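Quick notes on the structure that follows.
In this text the structure is predicted, and so the values were computed from the model without any measurement.
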Amino acid sequence: MPALIPKRVKYRKSQRNKRRGLATRGADLAFGEFGLKVLENGWLTHTQLEAARVALTRHVRRGGKVYLRVFPDKSVTQKPAETRQGKGKGEPAFWVAVVKRGKIIVEMEGIPKELARTALRLAAAKLPLRTRFVTREAA
């Protein structure tokens, strides 16, 4: 599967903006029975999301269905190492998904609850933010 990056964007370089507030959309399970909810604000890079997705699919061994609810569509720029200040903004280095408290990152269905819990725990270990396992009956 190709890397999680946009095919094309309107503007190559974006501003950082603030990482605060609660998720107003995407805070409830919409597709699956079980999910992973973020408990703090932050960025998830395309490599972290891909690592979490691979951990999930490998653990359930092609059972069930996985829904990735976030997409890294914000570019983060970096200047080359040992470069002086000035001379403009750096080139895009990687892509991130901005997530706010309460957002569901990934959902699963078609597998038993305990298998989903262990799979989502493995996926959460790949992410830099605190998360919580949520189920449809609890929501």
Side-chain angles (χ1 to χ4, degrees):
M1 188 171 170
L4 282 173
I5 58 173
K7 289 188 176 75
R8 46 193 301 268
V9 289
K10 190 168 185 180
Y11 299 108
R12 285 184 342 121
K13 301 175 183 181
S14 61
Q15 296 189 340
R16 287 179 184 270
N17 296 337
K18 299 284 186 255
R19 290 179 246 181
R20 60 183 180 213
L22 280 92
T24 54
R25 296 153 69 122
D28 299 318
L29 290 173
F31 303 103
E33 295 287 317
F34 315 105
L36 209 56
K37 183 179 270 213
V38 182
L39 300 179
E40 50 192 4
N41 300 331
W43 285 347
L44 297 176
T45 67
H46 66 278
T47 51
Q48 290 164 351
L49 288 169
E50 182 64 14
R53 187 193 65 79
V54 168
L56 271 178
T57 53
R58 291 231 173 109
H59 188 71
V60 297
R61 289 201 219 95
R62 292 195 250 306
K65 183 144 176 56
V66 175
Y67 301 95
L68 204 59
R69 295 278 307 271
V70 293
F71 186 79
D73 55 357
K74 180 188 190 75
S75 65
V76 178
T77 60
Q78 280 182 345
K79 300 195 79 164
E82 300 179 12
T83 305
R84 291 190 178 196
Q85 291 296 306
K87 307 254 191 308
K89 189 165 177 156
E91 293 303 310
F94 55 96
W95 295 86
V96 296
V98 180
V99 292
K100 294 189 175 182
R101 236 169 37 240
K103 176 93 170 160
I104 302 282
I105 300 177
V106 67
E107 295 185 26
M108 299 184 79
E109 70 178 0
I111 57 172
K113 183 176 183 175
E114 286 311 310
L115 181 62
R117 187 184 291 276
T118 56
L120 287 168
R121 184 178 49 77
L122 288 171
K126 309 289 182 194
L127 303 174
L129 306 174
R130 289 185 306 120
T131 57
R132 175 172 291 144
F133 176 77
V134 292
T135 61
R136 192 171 284 282
E137 63 262 10

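Between Trp95 and Leu4, the closest side-chain pair of non-hydrogen atoms is not below 4.5 Å. Counting only heavy atoms from C-beta outward, the side chains of Lys100 and Leu22 never approach each other to under 4.5 Å. The shortest side-chain heavy-atom distance between Gln48 and Trp43 does not fall under the 4.5 Å cut-off. The closest side-chain heavy-atom distance from Ile104 to Lys37 is below 4.5 Å. Looking at Leu49 and Pro72, their side chains come closer than 4.5 Å, going by heavy atoms from C-beta outward.
Cluster annotation: Val60 and Tyr67 are assigned to distinct hydrophobic clusters (Ile/Leu/Val/Met/Phe/Trp/Tyr, side-chain heavy-atom contacts under 4.5 Å, transitive). Note: the hydrophobic cluster containing Val70 does not contain Val98 (ILVMFWY, side chain heavy atoms under 4.5 Å, direct or indirect links).
Remark: Lys87 NZ to Gln85 CD distance equals 10.5 Å, nearest 0.5 Å.
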Result block: side-chain N/O donor-acceptor pairs under 3.5 angstrom for residues 117-129, not counting sequence neighbours:
from: Thr118; atom 1: OG1; to: His59; atom 2: NE2; distance (Å): 2.9
from: Thr118; atom 1: OG1; to: Glu114; atom 2: O; distance (Å): 3.3
from: Thr118; atom 1: OG1; to: Leu115; atom 2: O; distance (Å): 2.9

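The closest donor-acceptor contact from the side chain of Glu107 to the backbone of Arg69 lies at 3.5 Å or more, if one exists at all.
The salt bridge (charged side-chain N to carboxylate O under 4.0 Å, His left out) check on Lys79 picks up nothing, with sequence neighbours excluded. Not a single salt bridge (charged side-chain N to carboxylate O under 4.0 Å, His left out) links Arg132 to another residue, sequence neighbours left out. Partners of Thr47 according to the side-chain contact (heavy atoms from CB on, under 4.5 Å) rule, which considers only residues two or more places apart in sequence or in another chain, are Thr45. Val66 pairs by the side-chain contact (heavy atoms from CB on, under 4.5 Å) definition with Leu56, Thr57, Val106, Met108, not counting sequence neighbours. With sequence neighbours left out, the salt bridge (charged side-chain N to carboxylate O under 4.0 Å, His left out) criterion links Lys65 to no other residue.
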Give the intermediate values and the outcome of salt bridge (Lys or Arg N to Asp or Glu O under 4.0 Å) for residues Lys113 and Glu33. CA-CA 9 Å; Lys113 183 176 183 175; Glu33 295 287 317; over 6 Å; no
